[in-house]
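Encoded as C-alpha coordinates, the structure appears first; notes follow it.
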There are 2 protein chains.
Amino acid sequence: MEYFSRVSPGKKQESLRVKMGSFENKMGQAGDSQQEAFRQRCRSAGLRITPQREAIFQALTGSVEHPTVDTVYQEVRRLMPHISFDTVNRTLNTLCEIGAAFVVPGTDNVRRFDGNLSDHQHFRCIKCKRIVDFHHGPFDNVPVPDVLAGRFIVMRKTVCLEGFCDQCTTNPMDNVTQTTSGNR
Amino acid sequence: MEYFSRVSPGKKQESLRVKMGSFENKMGQAGDSQQEAFRQRCRSAGLRITPQREAIFQALTGSVEHPTVDTVYQEVRRLMPHISFDTVNRTLNTLCEIGAAFVVPGTDNVRRFDGNLSDHQHFRCIKCKRIVDFHHGPFDNVPVPDVLAGRFIVMRKTVCLEGFCDQCTTNPMDNVTQTTSGNR
DNA sequence: TTCATTTTTAGTAATTATTCCTATATAGTA
DNA sequence: TACTATATAGGAATAATTACTAAAAATGAA
Ligand SMILES: [Mn+2]
Ligand SMILES: [Mn+2]
Ligand SMILES: [Zn+2]
Ligand SMILES: [Zn+2]
(Lines give C-alpha, C1' and ligand atoms only; values in the text may rest on other atoms or scores of the structure.)
(Ligands and ions follow the chains in the order given, each with its own letter.)
Protein backbone atom coordinates (compact mmCIF):
# COMPACT_ATOMS: atom_id res chain seq x y z
CA MET A 1 0.00 0.00 0.00
CA GLU A 2 1.34 3.41 -0.86
CA TYR A 3 0.80 6.74 0.77
CA PHE A 4 1.51 10.41 0.46
CA SER A 5 4.10 11.44 2.98
CA ARG A 6 5.59 14.70 4.10
CA VAL A 7 9.26 13.88 3.80
CA SER A 8 11.50 16.26 1.87
CA PRO A 9 14.40 14.32 0.32
CA GLY A 10 16.45 17.22 -0.96
CA LYS A 11 15.34 20.08 -3.17
CA LYS A 12 13.77 18.96 -6.41
CA GLN A 13 13.80 21.38 -9.28
CA GLU A 14 10.19 22.34 -9.87
CA SER A 15 9.09 24.52 -12.72
CA LEU A 16 6.09 26.72 -13.26
CA ARG A 17 5.66 27.67 -16.84
CA VAL A 18 3.36 30.62 -17.22
CA LYS A 19 2.28 31.64 -20.68
CA MET A 20 4.33 34.28 -22.41
CA GLY A 21 3.10 34.45 -25.98
CA SER A 22 0.33 32.41 -27.42
CA PHE A 23 1.54 30.56 -30.45
CA GLU A 24 5.25 31.06 -30.68
CA ASN A 25 7.43 28.01 -31.02
CA LYS A 26 9.19 27.24 -27.79
CA MET A 27 12.48 26.51 -29.55
CA GLY A 28 13.48 26.29 -33.16
CA GLN A 29 15.65 23.26 -32.76
CA ALA A 30 13.39 21.40 -30.38
CA GLY A 31 10.49 22.12 -32.69
CA ASP A 32 12.15 20.33 -35.58
CA SER A 33 13.02 17.16 -33.71
CA GLN A 34 9.60 17.21 -32.15
CA GLN A 35 8.08 17.43 -35.61
CA GLU A 36 10.17 14.52 -36.82
CA ALA A 37 9.12 12.49 -33.79
CA PHE A 38 5.55 13.29 -34.72
CA ARG A 39 6.05 12.09 -38.27
CA GLN A 40 7.51 8.88 -36.94
CA ARG A 41 4.55 8.46 -34.64
CA CYS A 42 2.18 8.86 -37.57
CA ARG A 43 4.07 6.24 -39.57
CA SER A 44 3.95 3.81 -36.66
CA ALA A 45 0.24 4.33 -36.40
CA GLY A 46 -0.22 3.84 -40.14
CA LEU A 47 -1.39 7.39 -40.61
CA ARG A 48 -0.48 9.58 -43.54
CA ILE A 49 1.61 12.66 -42.98
CA THR A 50 -0.43 15.52 -44.32
CA PRO A 51 0.31 19.24 -44.23
CA GLN A 52 -2.83 19.70 -42.19
CA ARG A 53 -1.75 17.20 -39.56
CA GLU A 54 1.65 18.75 -39.29
CA ALA A 55 0.27 22.26 -39.05
CA ILE A 56 -2.25 21.25 -36.41
CA PHE A 57 0.33 19.42 -34.35
CA GLN A 58 2.66 22.39 -34.61
CA ALA A 59 -0.02 24.84 -33.57
CA LEU A 60 -0.82 22.67 -30.59
CA THR A 61 2.74 22.14 -29.39
CA GLY A 62 3.67 25.73 -30.18
CA SER A 63 1.16 26.95 -27.64
CA VAL A 64 1.28 26.84 -23.88
CA GLU A 65 -2.37 27.80 -23.66
CA HIS A 66 -3.96 24.35 -23.81
CA PRO A 67 -6.10 25.55 -26.68
CA THR A 68 -9.60 24.52 -27.61
CA VAL A 69 -10.43 23.09 -31.00
CA ASP A 70 -11.56 26.50 -32.11
CA THR A 71 -8.41 28.22 -30.93
CA VAL A 72 -6.25 25.77 -32.86
CA TYR A 73 -8.53 26.25 -35.85
CA GLN A 74 -8.14 30.02 -35.74
CA GLU A 75 -4.38 29.68 -35.50
CA VAL A 76 -3.92 27.12 -38.26
CA ARG A 77 -6.11 28.95 -40.73
CA ARG A 78 -3.69 31.85 -40.62
CA LEU A 79 -1.28 29.64 -42.54
CA MET A 80 -3.86 27.42 -44.22
CA PRO A 81 -6.88 29.61 -44.87
CA HIS A 82 -8.88 26.78 -46.43
CA ILE A 83 -8.60 24.28 -43.62
CA SER A 84 -11.93 23.26 -42.20
CA PHE A 85 -12.97 23.21 -38.60
CA ASP A 86 -13.85 19.56 -38.88
CA THR A 87 -10.36 18.69 -40.00
CA VAL A 88 -8.91 20.41 -36.97
CA ASN A 89 -11.35 18.75 -34.63
CA ARG A 90 -10.91 15.33 -36.18
CA THR A 91 -7.15 15.66 -36.26
CA LEU A 92 -6.95 16.71 -32.62
CA ASN A 93 -8.94 13.62 -31.75
CA THR A 94 -6.55 11.60 -33.87
CA LEU A 95 -3.55 13.08 -32.09
CA CYS A 96 -5.05 11.93 -28.82
CA GLU A 97 -5.68 8.47 -30.21
CA ILE A 98 -2.09 7.97 -31.28
CA GLY A 99 -0.75 9.41 -28.06
CA ALA A 100 0.64 12.61 -29.52
CA ALA A 101 -1.63 14.75 -27.39
CA PHE A 102 -4.33 14.50 -24.74
CA VAL A 103 -7.33 16.28 -23.38
CA VAL A 104 -6.74 18.07 -20.11
CA PRO A 105 -9.22 16.69 -17.56
CA GLY A 106 -11.62 19.20 -16.14
CA THR A 107 -15.22 20.10 -15.42
CA ASP A 108 -15.85 22.55 -18.24
CA ASN A 109 -17.65 21.68 -21.42
CA VAL A 110 -15.04 22.79 -23.88
CA ARG A 111 -12.24 20.34 -24.47
CA ARG A 112 -8.77 21.74 -24.11
CA PHE A 113 -5.82 19.96 -25.60
CA ASP A 114 -2.20 19.53 -24.63
CA GLY A 115 0.63 18.39 -26.89
CA ASN A 116 3.26 18.55 -24.17
CA LEU A 117 4.04 14.96 -23.31
CA SER A 118 6.68 15.67 -20.71
CA ASP A 119 5.77 15.05 -17.09
CA HIS A 120 3.77 17.94 -15.75
CA GLN A 121 0.50 18.80 -14.08
CA HIS A 122 -2.20 21.42 -14.46
CA PHE A 123 -3.81 24.07 -12.38
CA ARG A 124 -7.17 25.26 -13.71
CA CYS A 125 -8.26 28.74 -12.75
CA ILE A 126 -12.00 28.78 -12.14
CA LYS A 127 -12.09 32.52 -12.77
CA CYS A 128 -10.10 33.21 -15.93
CA LYS A 129 -10.26 29.57 -17.13
CA ARG A 130 -6.52 29.56 -17.69
CA ILE A 131 -4.75 26.22 -17.43
CA VAL A 132 -1.30 26.69 -15.95
CA ASP A 133 1.39 24.05 -16.27
CA PHE A 134 3.48 23.19 -13.29
CA HIS A 135 5.65 20.30 -12.30
CA HIS A 136 5.69 18.53 -9.00
CA GLY A 137 7.75 15.36 -9.13
CA PRO A 138 5.68 13.33 -6.66
CA PHE A 139 2.61 13.78 -8.85
CA ASP A 140 4.29 12.11 -11.82
CA ASN A 141 3.73 8.60 -10.56
CA VAL A 142 0.85 8.49 -8.18
CA PRO A 143 0.64 4.93 -6.87
CA VAL A 144 -2.40 2.88 -7.85
CA PRO A 145 -4.51 2.14 -4.75
CA ASP A 146 -4.82 -1.46 -3.65
CA VAL A 147 -8.60 -1.37 -4.01
CA LEU A 148 -8.19 -1.01 -7.77
CA ALA A 149 -5.03 -2.98 -8.43
CA GLY A 150 -5.71 -6.27 -10.14
CA ARG A 151 -9.26 -5.85 -11.30
CA PHE A 152 -8.86 -2.42 -12.86
CA ILE A 153 -6.41 -1.40 -15.57
CA VAL A 154 -5.25 2.11 -14.82
CA MET A 155 -4.08 3.83 -17.99
CA ARG A 156 -3.70 7.36 -16.69
CA LYS A 157 -3.30 8.95 -13.29
CA THR A 158 -3.74 12.68 -13.00
CA VAL A 159 -3.66 15.11 -10.13
CA CYS A 160 -6.03 17.98 -10.95
CA LEU A 161 -5.83 21.24 -9.07
CA GLU A 162 -8.44 23.97 -9.29
CA GLY A 163 -8.74 27.40 -7.80
CA PHE A 164 -7.64 30.95 -8.47
CA CYS A 165 -4.45 31.59 -10.41
CA ASP A 166 -1.82 34.15 -9.53
CA GLN A 167 -3.42 36.70 -11.83
CA CYS A 168 -6.83 36.24 -10.23
CA THR A 169 -5.96 36.05 -6.56
CA THR A 170 -6.86 39.67 -6.05
CA ASN A 171 -10.62 39.66 -5.41
CA PRO A 172 -10.98 35.94 -6.13
CA MET A 173 -14.76 35.92 -5.72
CA ASP A 174 -15.22 38.87 -8.04
CA ASN A 175 -16.67 37.93 -11.37
CA VAL A 176 -15.98 34.24 -11.00
CA THR A 177 -17.63 33.40 -14.28
CA GLN A 178 -15.60 35.26 -16.82
CA THR A 179 -17.41 34.18 -19.96
CA THR A 180 -20.99 33.14 -19.29
CA SER A 181 -23.07 32.67 -16.20
CA GLY A 182 -23.44 28.96 -16.68
CA ASN A 183 -20.99 26.37 -17.76
CA ARG A 184 -21.04 26.08 -21.53
CA MET B 1 7.80 20.06 0.60
CA GLU B 2 5.59 17.02 0.54
CA TYR B 3 5.91 13.81 -1.36
CA PHE B 4 4.22 10.57 -2.12
CA SER B 5 5.90 7.75 -0.26
CA ARG B 6 5.56 4.04 -0.26
CA VAL B 7 5.24 3.42 3.44
CA SER B 8 2.38 1.29 4.70
CA PRO B 9 1.43 2.32 8.24
CA GLY B 10 -1.06 -0.40 9.02
CA LYS B 11 -4.05 -1.49 6.97
CA LYS B 12 -6.47 1.30 6.22
CA GLN B 13 -10.02 0.31 5.47
CA GLU B 14 -10.56 1.17 1.84
CA SER B 15 -13.88 0.84 0.13
CA LEU B 16 -14.87 0.28 -3.43
CA ARG B 17 -18.48 0.95 -4.05
CA VAL B 18 -19.65 -0.58 -7.26
CA LYS B 19 -23.10 0.23 -8.50
CA MET B 20 -25.87 -2.16 -7.54
CA GLY B 21 -29.11 -0.48 -8.49
CA SER B 22 -29.42 2.83 -10.14
CA PHE B 23 -31.65 5.07 -8.15
CA GLU B 24 -32.38 3.35 -4.88
CA ASN B 25 -31.73 5.29 -1.73
CA LYS B 26 -28.59 4.10 -0.07
CA MET B 27 -30.21 4.18 3.36
CA GLY B 28 -33.56 5.37 4.57
CA GLN B 29 -32.26 6.93 7.73
CA ALA B 30 -29.18 8.48 6.20
CA GLY B 31 -31.33 9.86 3.43
CA ASP B 32 -33.48 11.84 5.84
CA SER B 33 -30.64 13.51 7.70
CA GLN B 34 -28.95 14.15 4.41
CA GLN B 35 -32.09 15.82 3.15
CA GLU B 36 -32.28 17.99 6.26
CA ALA B 37 -28.64 18.96 5.85
CA PHE B 38 -29.49 19.96 2.30
CA ARG B 39 -32.38 22.11 3.44
CA GLN B 40 -30.06 23.81 5.90
CA ARG B 41 -27.55 24.39 3.17
CA CYS B 42 -30.20 26.04 1.04
CA ARG B 43 -31.21 28.31 3.89
CA SER B 44 -27.61 29.33 4.50
CA ALA B 45 -27.24 30.17 0.84
CA GLY B 46 -30.46 32.16 0.86
CA LEU B 47 -32.15 29.76 -1.50
CA ARG B 48 -35.73 28.63 -1.21
CA ILE B 49 -36.55 25.05 -0.50
CA THR B 50 -38.62 23.87 -3.39
CA PRO B 51 -40.02 20.41 -4.10
CA GLN B 52 -38.03 20.38 -7.33
CA ARG B 53 -34.76 21.13 -5.58
CA GLU B 54 -35.41 18.45 -3.04
CA ALA B 55 -36.36 15.91 -5.65
CA ILE B 56 -33.34 16.69 -7.78
CA PHE B 57 -30.99 16.53 -4.84
CA GLN B 58 -32.55 13.25 -3.77
CA ALA B 59 -32.26 11.76 -7.23
CA LEU B 60 -28.63 12.77 -7.32
CA THR B 61 -27.66 11.47 -3.92
CA GLY B 62 -29.81 8.38 -4.35
CA SER B 63 -27.70 7.29 -7.28
CA VAL B 64 -24.18 5.92 -7.33
CA GLU B 65 -23.99 6.36 -11.07
CA HIS B 66 -22.71 9.95 -11.26
CA PRO B 67 -25.60 10.78 -13.52
CA THR B 68 -25.72 13.29 -16.32
CA VAL B 69 -28.27 16.09 -16.36
CA ASP B 70 -30.44 14.02 -18.63
CA THR B 71 -30.27 10.96 -16.41
CA VAL B 72 -31.36 12.97 -13.40
CA TYR B 73 -34.09 14.52 -15.50
CA GLN B 74 -35.41 11.11 -16.56
CA GLU B 75 -35.40 9.95 -12.96
CA VAL B 76 -37.04 13.00 -11.42
CA ARG B 77 -39.82 13.16 -14.00
CA ARG B 78 -41.02 9.77 -12.83
CA LEU B 79 -42.18 11.51 -9.65
CA MET B 80 -42.69 14.96 -11.14
CA PRO B 81 -43.82 14.41 -14.71
CA HIS B 82 -44.07 18.12 -15.43
CA ILE B 83 -40.57 19.12 -14.45
CA SER B 84 -38.54 20.64 -17.25
CA PHE B 85 -35.09 19.72 -18.38
CA ASP B 86 -33.94 23.26 -17.81
CA THR B 87 -34.99 23.17 -14.19
CA VAL B 88 -32.96 20.04 -13.64
CA ASN B 89 -29.94 21.48 -15.40
CA ARG B 90 -30.15 24.81 -13.63
CA THR B 91 -30.71 23.20 -10.28
CA LEU B 92 -27.76 20.85 -10.67
CA ASN B 93 -25.62 23.89 -11.41
CA THR B 94 -27.06 25.55 -8.33
CA LEU B 95 -26.24 22.52 -6.21
CA CYS B 96 -22.65 22.80 -7.36
CA GLU B 97 -22.56 26.50 -6.57
CA ILE B 98 -23.72 26.02 -3.00
CA GLY B 99 -21.40 23.08 -2.49
CA ALA B 100 -24.07 20.41 -2.28
CA ALA B 101 -22.69 18.60 -5.31
CA PHE B 102 -19.91 18.81 -7.86
CA VAL B 103 -19.02 17.88 -11.39
CA VAL B 104 -16.71 14.91 -11.67
CA PRO B 105 -13.59 16.03 -13.57
CA GLY B 106 -12.98 14.24 -16.82
CA THR B 107 -12.28 14.52 -20.51
CA ASP B 108 -15.72 13.74 -21.89
CA ASN B 109 -18.17 16.35 -23.04
CA VAL B 110 -21.13 15.37 -20.92
CA ARG B 111 -21.04 16.63 -17.38
CA ARG B 112 -21.56 14.03 -14.71
CA PHE B 113 -22.57 15.03 -11.23
CA ASP B 114 -21.86 13.71 -7.78
CA GLY B 115 -23.79 14.49 -4.62
CA ASN B 116 -21.60 12.37 -2.39
CA LEU B 117 -19.57 14.82 -0.36
CA SER B 118 -17.70 12.26 1.68
CA ASP B 119 -14.03 11.76 0.89
CA HIS B 120 -13.66 9.54 -2.12
CA GLN B 121 -12.11 9.38 -5.57
CA HIS B 122 -13.17 8.29 -9.03
CA PHE B 123 -12.06 5.85 -11.63
CA ARG B 124 -13.39 6.57 -15.11
CA CYS B 125 -13.69 3.65 -17.48
CA ILE B 126 -12.78 4.77 -20.99
CA LYS B 127 -14.71 1.86 -22.46
CA CYS B 128 -18.10 1.73 -20.71
CA LYS B 129 -17.86 5.33 -19.40
CA ARG B 130 -18.72 4.15 -15.91
CA ILE B 131 -17.44 6.26 -13.04
CA VAL B 132 -16.57 4.04 -10.11
CA ASP B 133 -16.16 5.41 -6.60
CA PHE B 134 -13.30 4.25 -4.49
CA HIS B 135 -11.56 5.54 -1.44
CA HIS B 136 -7.85 5.77 -0.90
CA GLY B 137 -7.01 7.75 2.22
CA PRO B 138 -3.77 9.30 0.96
CA PHE B 139 -5.65 10.88 -1.94
CA ASP B 140 -7.94 12.80 0.39
CA ASN B 141 -5.43 15.52 1.15
CA VAL B 142 -2.92 15.77 -1.61
CA PRO B 143 -0.36 18.37 -0.52
CA VAL B 144 -0.21 21.61 -2.50
CA PRO B 145 3.13 21.83 -4.32
CA ASP B 146 5.51 24.60 -3.29
CA VAL B 147 5.54 26.05 -6.81
CA LEU B 148 1.89 27.00 -6.38
CA ALA B 149 1.68 27.78 -2.69
CA GLY B 150 1.36 31.46 -2.00
CA ARG B 151 0.49 32.87 -5.37
CA PHE B 152 -2.25 30.39 -6.23
CA ILE B 153 -5.36 29.65 -4.21
CA VAL B 154 -6.08 25.95 -4.50
CA MET B 155 -9.76 25.24 -3.92
CA ARG B 156 -9.91 21.62 -4.97
CA LYS B 157 -7.38 18.85 -5.35
CA THR B 158 -8.45 15.74 -7.19
CA VAL B 159 -6.71 12.56 -8.19
CA CYS B 160 -8.28 11.30 -11.42
CA LEU B 161 -7.77 7.74 -12.57
CA GLU B 162 -8.72 6.49 -16.02
CA GLY B 163 -8.58 3.11 -17.67
CA PHE B 164 -10.61 -0.07 -17.97
CA CYS B 165 -12.95 -1.04 -15.16
CA ASP B 166 -13.33 -4.51 -13.74
CA GLN B 167 -16.24 -5.24 -16.05
CA CYS B 168 -14.26 -4.19 -19.12
CA THR B 169 -10.88 -5.74 -18.43
CA THR B 170 -11.65 -8.69 -20.66
CA ASN B 171 -10.70 -7.52 -24.16
CA PRO B 172 -9.96 -3.97 -23.06
CA MET B 173 -9.20 -2.73 -26.57
CA ASP B 174 -12.40 -4.20 -27.99
CA ASN B 175 -14.97 -1.60 -28.82
CA VAL B 176 -13.31 1.13 -26.85
CA THR B 177 -15.83 3.69 -27.95
CA GLN B 178 -19.08 2.37 -26.64
CA THR B 179 -21.32 5.16 -27.84
CA THR B 180 -19.91 7.11 -30.75
CA SER B 181 -16.64 7.13 -32.63
CA GLY B 182 -15.76 10.60 -31.52
CA ASN B 183 -16.06 12.30 -28.25
CA ARG B 184 -19.42 13.96 -27.95
C1' DT C 1 -54.47 34.02 6.81
C1' DT C 2 -53.87 37.48 3.13
C1' DC C 3 -51.28 40.24 0.26
C1' DA C 4 -47.40 41.99 -1.94
C1' DT C 5 -42.85 40.79 -3.12
C1' DT C 6 -39.40 37.81 -4.66
C1' DT C 7 -37.91 33.59 -6.55
C1' DT C 8 -38.50 29.62 -9.25
C1' DT C 9 -40.47 26.93 -12.84
C1' DA C 10 -42.12 25.17 -17.49
C1' DG C 11 -41.82 25.34 -22.05
C1' DT C 12 -39.49 26.63 -25.72
C1' DA C 13 -36.02 28.99 -28.39
C1' DA C 14 -31.29 29.90 -28.93
C1' DT C 15 -26.48 29.01 -28.54
C1' DT C 16 -22.40 26.41 -28.52
C1' DA C 17 -19.56 22.24 -29.18
C1' DT C 18 -18.81 18.37 -31.67
C1' DT C 19 -19.65 15.00 -35.13
C1' DC C 20 -21.47 13.23 -39.56
C1' DC C 21 -21.84 13.15 -44.65
C1' DT C 22 -19.86 13.00 -49.18
C1' DA C 23 -17.65 14.65 -53.28
C1' DT C 24 -13.04 15.83 -54.21
C1' DA C 25 -8.10 15.81 -53.36
C1' DT C 26 -3.88 13.66 -52.02
C1' DA C 27 -0.06 10.64 -49.72
C1' DG C 28 2.14 6.60 -50.19
C1' DT C 29 3.34 2.97 -53.15
C1' DA C 30 4.23 0.12 -57.37
C1' DT D 1 3.52 8.24 -63.43
C1' DA D 2 -0.72 5.77 -62.04
C1' DC D 3 -3.44 3.64 -58.56
C1' DT D 4 -5.86 3.25 -54.35
C1' DA D 5 -6.84 3.85 -49.74
C1' DT D 6 -7.11 7.61 -46.78
C1' DA D 7 -7.78 12.48 -45.69
C1' DT D 8 -9.89 16.96 -46.45
C1' DA D 9 -13.39 20.77 -47.23
C1' DG D 10 -17.63 22.42 -46.77
C1' DG D 11 -21.82 22.21 -45.03
C1' DA D 12 -25.49 19.90 -42.54
C1' DA D 13 -26.79 17.43 -38.45
C1' DT D 14 -26.70 16.16 -33.69
C1' DA D 15 -26.11 16.84 -28.86
C1' DA D 16 -25.33 19.51 -24.61
C1' DT D 17 -26.22 23.48 -22.31
C1' DT D 18 -28.09 28.00 -21.54
C1' DA D 19 -31.33 32.01 -22.25
C1' DC D 20 -35.89 33.98 -22.26
C1' DT D 21 -40.46 34.95 -20.39
C1' DA D 22 -45.10 34.30 -18.73
C1' DA D 23 -47.07 31.92 -15.04
C1' DA D 24 -46.83 29.66 -10.62
C1' DA D 25 -45.23 29.17 -6.06
C1' DA D 26 -42.77 30.40 -1.82
C1' DT D 27 -41.67 33.82 1.59
C1' DG D 28 -42.34 37.29 5.00
C1' DA D 29 -44.96 41.11 6.81
C1' DA D 30 -49.40 42.76 8.21
MN1 LIG E 1 0.06 21.17 -20.03
MN1 LIG F 1 -18.46 9.77 -6.55
ZN1 LIG G 1 -7.10 33.16 -13.30
ZN1 LIG H 1 -15.95 -0.32 -18.05
Taking the inter-plane angle between the rings of A/H120 and A/F102 on a 0 to 90° scale, is it parallel (under 30°), tilted (30 to 60°) or perpendicular (over 60°)?
tilted

Taking 4.0 Å as the cut-off, does a side-chain nitrogen or oxygen of B/T87 come that near to OP1 or OP2 on C/dT9?
no

A/Q52 atom CD is separated from C/dA27 atom P, nearest whole Å, by 8 Å

Please check this pair: side chain of B/R112 against backbone of B/E65, looking for a donor-acceptor N/O pair closer than 3.5 Å.
yes

On DNA chain D, compare the nucleotides closest to B/N89 and A/T91; which residue's is nearer the 5' end?
A/T91

For B/D70 and D/dT17, what is the distance between atoms CG and C1' respectively, to the nearest whole Å?
12 Å

Is the backbone of A/I83 close enough, under 3.5 Å, to the side chain of A/Q52 for a donor and an acceptor to pair up by distance?
no

Quick one: B/D86 CG to C/dT12 C1', roughly how many Å, whole number?
10 Å

Using a cut-off of less than 4.0 Å, is there contact between a side-chain N or O of A/H82 and OP1 or OP2 of D/dT8?
no

If I take atom CD1 in residue B/I83 and atom P in nucleotide C/dT12, what distance separates them, rounded to the nearest angstrom?
16 Å

Side chain B/N109 and base D/dA15 donor-acceptor under 3.5 Å:
no

Contact nearer the 5' end of DNA chain D, comparing B/R90 with B/R48
B/R90

Could you state the CD-P distance from A/E54 to D/dA7, rounded to the nearest angstrom?
14 Å

Could you check how far CZ of B/R111 sits from P of D/dA16, rounded to whole Å?
12 Å

What is the distance from CG of B/L92 to C1' of D/dT17, rounded to the nearest Å?
12 Å

Any base atoms under 4.0 Å from B/T50, or only sugar-phosphate, or nothing? Heavy atoms, all strands.
sugar-phosphate

Distance, rounded to the nearest Å, where A/R43 contributes CZ and D/dT6 contributes P
18 Å

Ignoring hydrogens and geometry, is there a side-chain-to-backbone donor-acceptor pair from B/R77 to B/H82 under 3.5 Å?
no

Salt-bridge criterion met for B/D166 and B/R130 (N-O under 4.0 Å)
yes

DNA chain C: 5'-proximal contact among B/P81 and B/R53 (nearest heavy atom):
B/R53

